[in-house]
Amino acid sequence: MAAHRFEDDDPAMTTLDDLRHAAQSALLAAGTPLQFGTAGWTALPGDLAAAAADADHPDWIDGGLTARVRRVVRGDGSAVALKVARSECLVRNRDGQRSFLNELLRRRELHELAERGQGIAGVTPTLHASLHEGVLVSPWIEGGERVAAWSERSIAQLFDTGAALLLAGLFEWDFSPGNLLDDGRQLWLFDFGYMYPFDPLRHLNTAGDGTSAPQFHLAERFETRCFFGHLLEQESQRGDAVALAAFRLEKEVALACYLRLRTALAQRGAGAAVLAQYDSVTSQWRDALRGDLAALYLREGWRSHDADLDDDLRGQTCTPMTLRRAQWLIDQAHRNYDTLRAGGALERPGGAPTREALLARLEHDHERAARWQVAAHPG
Ligand SMILES: Nc1ncnc2c1ncn2[C@@H]1O[C@H](COP(=O)(O)OP(=O)(O)OP(=O)(O)O)[C@@H](O)[C@H]1O
Ligand SMILES: [Mg+2]
């Protein structure tokens, strides 16, 4: 994940990123201890401290860019996920370097919500968290697997959890496949390194000043980080019609979720600009579901693959999927340049690029993505 400062941001604007970074720097400078946990977990138990120190144990999952994670079975038979921060995050930007601290801050807020009886379904609880120790312990998600085939149930749970987080003032940026586990009954979120606080009644997300980049929202984040990667596989393995049907299912779930979310935001007194943005998105989806869904697929597929490619390039966290996304963009630029341009998908502050300029940029991005492949492939 990259920082969300945009070329078109006014440099004089105080962004929500700036405010968050300043607050986090102050917290680090003050040396304020950050430790919390579930009742009975005042300190890291000895068996887990020993497990954390056993750096060469074969059970470490090394795919994560922020931390190493290990499943540890405790004396009472329960299994926990022991997450130990890397001394340096492998994501090469400020948000990446702060992602463990950020995760602890967000988990503390989620923990407080749960303690008040307002816990959110699908959010993995925290047993013990300590910034000083660089550890985080949560219950192991038994039977949890990466989602291979998105079903109506798993999509609906993703949106339900995402919407509940938004209403609680938490915006999740990174719904990448490596951050989602499904145990067959529940879809779980467990990595909160790129979830940031915001005011859902006034802000759309945490980019810019909270209103300056309306293109980022819950469904867009899921589609960009995860679902269009899944659709890319569907396209190549099962054909365009199957991919379009999967997109229809996802949009139907997203539409129902956004209508409920809009009602809840309105009841809580959300500003007119926020509500208007939800209305604009839902009316586009509704029209497409009744009419030309393939046109929406092309437009949003372009947006998602382009945004994710940009994100991976900025963080220098490219994977084989980044290359496949870049190739999809190149193919579509060859095949559908005029449609993309007419639909506004190519608009930039300086105007839409010519076909030649677009292809040159994408070929260059493809080369950079090939150069910046990370050793581990978490996403
Ligand atoms: N509670 C859990 N139960 C089961 N598996 C877990 C749990 N927590 C983490 N994992 C596993 O460990 C992996 C890494 O965890 P996590 O995503 O929290 O690490 P990270 O270093 O922050 O990742 P990122 O690369 O997204 O920064 C996950 O992909 C998942 O497979
Ligand atoms: Mg992760």
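Start at 1 and go down the list; that is how both ligands and their atoms are numbered.
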May I ask you to check if ligand 1 and [X] share an N or O to N or O distance below 3.5 Å?
| X | value |
| --- | --- |
| K83 | yes |
| T124 | no |
| I141 | yes |
| F190 | no |

Can you see whether [X] engages [Y] through a side-chain donor-acceptor pair at a distance of less than 3.5 angstrom?
| X | Y | answer |
| --- | --- | --- |
| E133 | H128 | yes |
| E356 | Y337 | no |
| S176 | R225 | no |

- [ ] Would you check whether P139 reaches within less than 4.0 Å of ligand 1, judged by its heavy atoms?
- [x] yes

TODO: Answer with yes or no whether S138 contacts ligand 1, where contact means a heavy atom under 4.0 Å from a ligand atom.
DONE: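 For ligand 1, residue contact (heavy atoms, under 4.0 Å) with S138 is present.
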
Ligand 1 atoms in contact with [X] (distance to a heavy atom under 4.0 Å):
| X | result |
| --- | --- |
| N179 | 17 (O), 26 (O) |
| A81 | 1 (N), 2 (C), 7 (C), 8 (N) |
| I61 | 11 (C), 12 (O) |
| V69 | 9 (C), 10 (N), 12 (O), 14 (C), 15 (O) |
| G178 | 28 (C), 29 (O) |

Look at the side chain of [X] and the backbone N and O of [Y], then say whether any donor-acceptor pair between them is shorter than 3.5 Å.
| X | Y | value |
| --- | --- | --- |
| D191 | G193 | yes |
| N102 | M195 | yes |
| D182 | R146 | no |
| H111 | G37 | yes |

Task: D292 with R299: basic N within carboxylate O range, under 4.0 Å - done: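 Judged by the 4.0 Å cut-off on N to carboxylate O distance, D292 and R299 do not form a salt bridge.
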
Task: Passing option when E223 is tested against H305, H230, K251 for side-chain hydrogen bond (donor to acceptor under 3.5 Å, both in side chains) - done: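 Among the candidates, only K251 passes.
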
Task: N179 N/O/S atom closer than 2.8 Å to the Mg ion (ligand 2) - done: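 Given the 2.8 Å cut-off, N179 counts as a ligand of the Mg ion (ligand 2).
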
Open item on the list: Which atom name does D191 have for its N/O/S atom nearest to the Mg ion (ligand 2)?
Closed with: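 Answer by atom name: OD2.
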
